[in-house]
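Okay, so here's the structure we're looking at.
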Number of protein chains: 2
Amino acid sequence: MKTREPSGPPGAAARNRRAAADDASGFPRPLLERLALYYQIATSEGEEGQDAISSAFLAELIGIDATLVRKDMAAAGITGRPKVGYAIAEVLARLDSVLGLTDRNDAILIGCGDLGSAIARYAGFGRYGLKIAAVFDVDPTKIGRSVGGHVVLPMEKCKSFIEIFRIQIAILAAPANGAQETADWLVRKGVKAIWNFAPVHLRVPDDVAVRNENLALGLAQLIHMFKVKRGNLQVPVPAPDAAQTEPELGAKRTG
Amino acid sequence: MKTREPSGPPGAAARNRRAAADDASGFPRPLLERLALYYQIATSEGEEGQDAISSAFLAELIGIDATLVRKDMAAAGITGRPKVGYAIAEVLARLDSVLGLTDRNDAILIGCGDLGSAIARYAGFGRYGLKIAAVFDVDPTKIGRSVGGHVVLPMEKCKSFIEIFRIQIAILAAPANGAQETADWLVRKGVKAIWNFAPVHLRVPDDVAVRNENLALGLAQLIHMFKVKRGNLQVPVPAPDAAQTEPELGAKRTG
DNA sequence: GAGCAGTCGTGATATTTTTCACGACACATT
DNA sequence: AATGTGTCGTGAAAAATATCACGACTGCTC
Ligand SMILES: NC(=O)c1ccc[n+]([C@@H]2O[C@H](COP(=O)([O-])OP(=O)(O)OC[C@H]3O[C@@H](n4cnc5c(N)ncnc54)[C@H](O)[C@@H]3O)[C@@H](O)[C@H]2O)c1
Ligand SMILES: NC(=O)c1ccc[n+]([C@@H]2O[C@H](COP(=O)([O-])OP(=O)(O)OC[C@H]3O[C@@H](n4cnc5c(N)ncnc54)[C@H](O)[C@@H]3O)[C@@H](O)[C@H]2O)c1
């Protein structure tokens, strides 16, 4: 399946000033990532009394080029003022809209273990419109307990809850084992967005949004960076034909 | 005002322009991300008895092109066999080395609140070489408690612990307020890699690796995807001159 | 009001990342 | 052993992404 529609206008080589904002498939991921970062920084700067932020400031803070920040702002429809920068109020308002944080999004939390409890108790996602409407678990010893103001409900009640409250967003904090099945079930029940914390790459239909928040991958990246900076990591594999040491770990096919 | 000084060595400002960026002669970030994903999938497939995996299988699972998988494998120095695929043993061994997971990495955990406790109890990071050597907190009521087999220690003991055990990796699960200061302090004490869960973008010197595991940004992205797929997100901002609704939050210049 | 300094806006350019096309090789079957 | 099918390997093309260079505009100072 290709999520890429080959609808490329052949004559549109010249860049039109309308940016690529009206692309129905949303913004490219890297841009989106930076946009959310701008939102966060703008929020924190605003709380410190700032009225505006410059592209150079953002760029320096994040470690990217200032031009890129300006392009991003343009893509989001944010207009800055020379000599001043971007008005924080406008940045927040615009990104609120662009990121879709304007209205509240009710979600259910599946799995109330260590991580699920932390999420249930965390208030920081409220700013992004997330409202945990209910918490579910299969463990009888956890059902009925109150976690972060939510009473843990049995999974048996999940189906009707989704249907009655038209829940479309689910946070999946259950074990990896069975995560895909749970996700499939949620999708069948009508869930359209899944925030997955289990260390598996969930597969969902095309009309469902999924974000695999795979912390282990982040850790792997950090360790890689760490080793590279330390210098004791021999990454390069320049020899293209070198049929060097075969891993003698066994488990190879019976030849 | 760009007076946001990273409170580090005074002359380092010019040098750490790319500090927050990640690629330091290592692999580009997207590639690295996929590599870690292959590692995870290969692990799980291996546990199910598979001997080899094909590029097509990985591509289909992740939702990318099979050619890209093969390029990635080549970049990591992994050689496959036609008609068979990539030997899982080789994939794991090679990625172990490439990602730097071969030897154990001792780390300290700073902040043992909801999220910190979940991390301390989680065993899943062990596969990536991470070993939590100690847990620290400032809250007197938490000190002395046992969390995931670790006794929570007071921050006062953190300095000597880092020095004695030559700790180079820190997991930061303390509140955002003061996270940067804590990070600066850790860096001064010799920490070379920080896994940051506070919702701020940490600034560190060039020789320190940092991964900002900003969950809120992930949430923002999920919500954006969700809204776009639902169709009720009007992103485009074509009107270039239309002085439409100015944010009435003040902060506008008087003409 | 004129000049200066700082910042945005954007077309052109460079770099990186991904896809396409096709040849080569390995295993299975007859 | 010959044939057939499925998979890897890789150079070239395409697309996406980031940077450069420079013009335009704003606010400040004098
Ligand atoms: N704790 C962490 O720091 C951490 C870090 C990264 C990833 N994760 C992942 O997050 C998930 C949860 O981690 P955790 O540490 O909270 O585990 P946990 O074992 O503490 O909690 C899992 C909870 O899910 C419940 N559960 C099991 N099957 C369920 C089902 N089918 N439906 C609903 N609930 C179900 C269990 O009863 C339990 O309460 C796991 O997939 C884990 O790999 C956790
Ligand atoms: N809980 C979540 O689901 C979640 C999600 C995303 C991000 N976060 C972020 O993770 C961090 C921790 O979240 P939490 O929910 O565990 O918060 P928490 O308040 O439950 O825990 C924070 C802990 O850090 C300790 N602490 C405070 N200052 C410290 C310092 N200077 N040094 C060492 N320890 C210190 C506190 O005593 C407390 O135990 C926060 O920055 C939060 O924004 C949490």
Side-chain angles (χ1 to χ4, degrees), chain A residues 2-10 12-20 23 25-35 51-60 62-87 90-91 237 239-243 252-255, chain B residues 1-2 17-18 21-23 26-35 51-60 62-87 90-91 237 240-241 252-255:
Chain A
K2 57 196 65 171
T3 55
R4 182 100 35 192
E5 297 268 326
S7 60
R15 195 161 307 261
N16 48 5
R17 65 184 54 182
R18 295 180 58 135
D23 187 342
S25 67
F27 288 134
R29 191 184 36 180
L31 167 58
L32 209 50
E33 217 160 294
R34 293 194 300 270
L35 247 32
D51 275 352
I53 42 181
S54 71
S55 62
F57 175 77
L58 284 168
E60 158 71 13
I62 301 179
I64 61 177
D65 194 274
T67 303
L68 185 51
V69 174
R70 294 201 289 274
K71 296 264 195 205
D72 292 349
M73 291 297 185
I78 298 168
T79 305
R81 273 194 267 287
K83 184 79 177 191
V84 174
Y86 299 91
E90 182 180 355
V91 170
V237 192
D241 57 326
K252 63 180 66 172
R253 83 293 157 202
T254 50
Chain B
M1 70 149 84
K2 60 209 62 172
R17 292 194 316 128
R18 293 185 54 85
D22 33 311
D23 67 86
F27 286 135
R29 186 185 38 184
L31 168 58
L32 207 51
E33 216 161 295
R34 293 194 301 270
L35 247 32
D51 274 351
I53 42 180
S54 71
S55 62
F57 175 79
L58 284 168
E60 159 69 14
I62 302 178
I64 61 176
D65 194 273
T67 303
L68 185 51
V69 175
R70 294 200 289 274
K71 296 266 193 200
D72 291 349
M73 290 297 185
I78 299 168
T79 305
R81 273 197 261 293
K83 184 77 176 190
V84 174
Y86 298 91
E90 182 180 354
V91 171
V237 193
D241 55 346
K252 69 181 68 170
R253 91 291 177 214
T254 49

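Chain A is the first sequence line, chain B the second, and so forth, proteins listed ahead of strands; every chain is numbered from 1.
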Exercise. Please give, in whole Å, the distance from C/dG6 P to A/F57 CZ?
Worked result: 18 Å
Exercise. Between atom OG of A/S54 and atom OH of A/Y86, what is the distance when rounded to the nearest 0.5 Å?
Worked result: 9.0 Å
Problem set entry | Gap between atoms CD1 and C1', on B/I64 and D/dA15 respectively (whole Å) | 16 Å
Exercise. Separation of A/E33 atom CD from D/dA16 atom C1', in whole Å?
Worked result: 16 Å
Exercise. Which residue, A/Y86 or B/P30, contacts DNA chain C at a nucleotide closer to its 5' end, judged by nearest heavy atom?
Worked result: A/Y86
For this session: Nearest 0.5 Å please: distance from the OG1 atom of B/T79 over to the CE atom of B/M73.
Result: 10.5 Å
Exercise. With a non-hydrogen cut-off below 4.0 angstrom, is B/S54 in contact with a base, only sugar-phosphate, or nothing?
Worked result: sugar-phosphate
Problem set entry | Test item: A/D65 and A/V69 side chains (from C-beta on) under 4.5 Å apart, heavy atoms | no
Exercise. Of the nucleotides C/dC27, C/dT18, D/dG27, which has the atom closest to the A/R81 side chain?
Worked result: D/dG27
Exercise. Rounded to the nearest 0.5 Å, how far apart are CD1 of B/I64 and CG of B/L58?
Worked result: 8.0 Å
For this session: Specify the separation, in whole Å, of atom CG of A/L68 and atom C1' of C/dT10.
Result: 14 Å
Problem set entry | Nearest-angstrom distance from the residue atom NZ of A/K83 to C1' of C/dT7 | 8 Å
For this session: May I ask you to say what A/R29 touches in the nucleic acid, namely base, sugar-phosphate or nothing, with a heavy-atom cut-off under 4.0 Å?
Result: nothing
Problem set entry | Straight-line distance of A/E33 CD to A/L35 CG, nearest 0.5 Å | 11.0 Å
Seminar exercise, completed: Against the side chain of B/T67, the closest entry in D/dA21, D/dT10, D/dG27 is D/dT10
Seminar exercise, completed: Rounded to whole Å, the CG-P distance (B/L31 to D/dT17) equals 16 Å
For this session: Quickly work out the B/D65 CG to D/dA15 P distance and round it to whole Å.
Result: 14 Å
For this session: Could you tell me whether B/S55 contacts a base, only the sugar-phosphate backbone, or nothing, with contacts defined as non-hydrogen atoms closer than 4.0 Å?
Result: sugar-phosphate
Problem set entry | Separation of D/dT19 P from A/K71 NZ (nearest whole Å) | 11 Å
Problem set entry | Closest to side chain of A/T79, choosing from C/dG9, C/dC27, D/dG27 | C/dG9
For this session: Report yes if at least one side-chain N or O of B/R70 is closer than 4.0 Å to OP1 or OP2 of D/dG9; otherwise report no.
Result: no
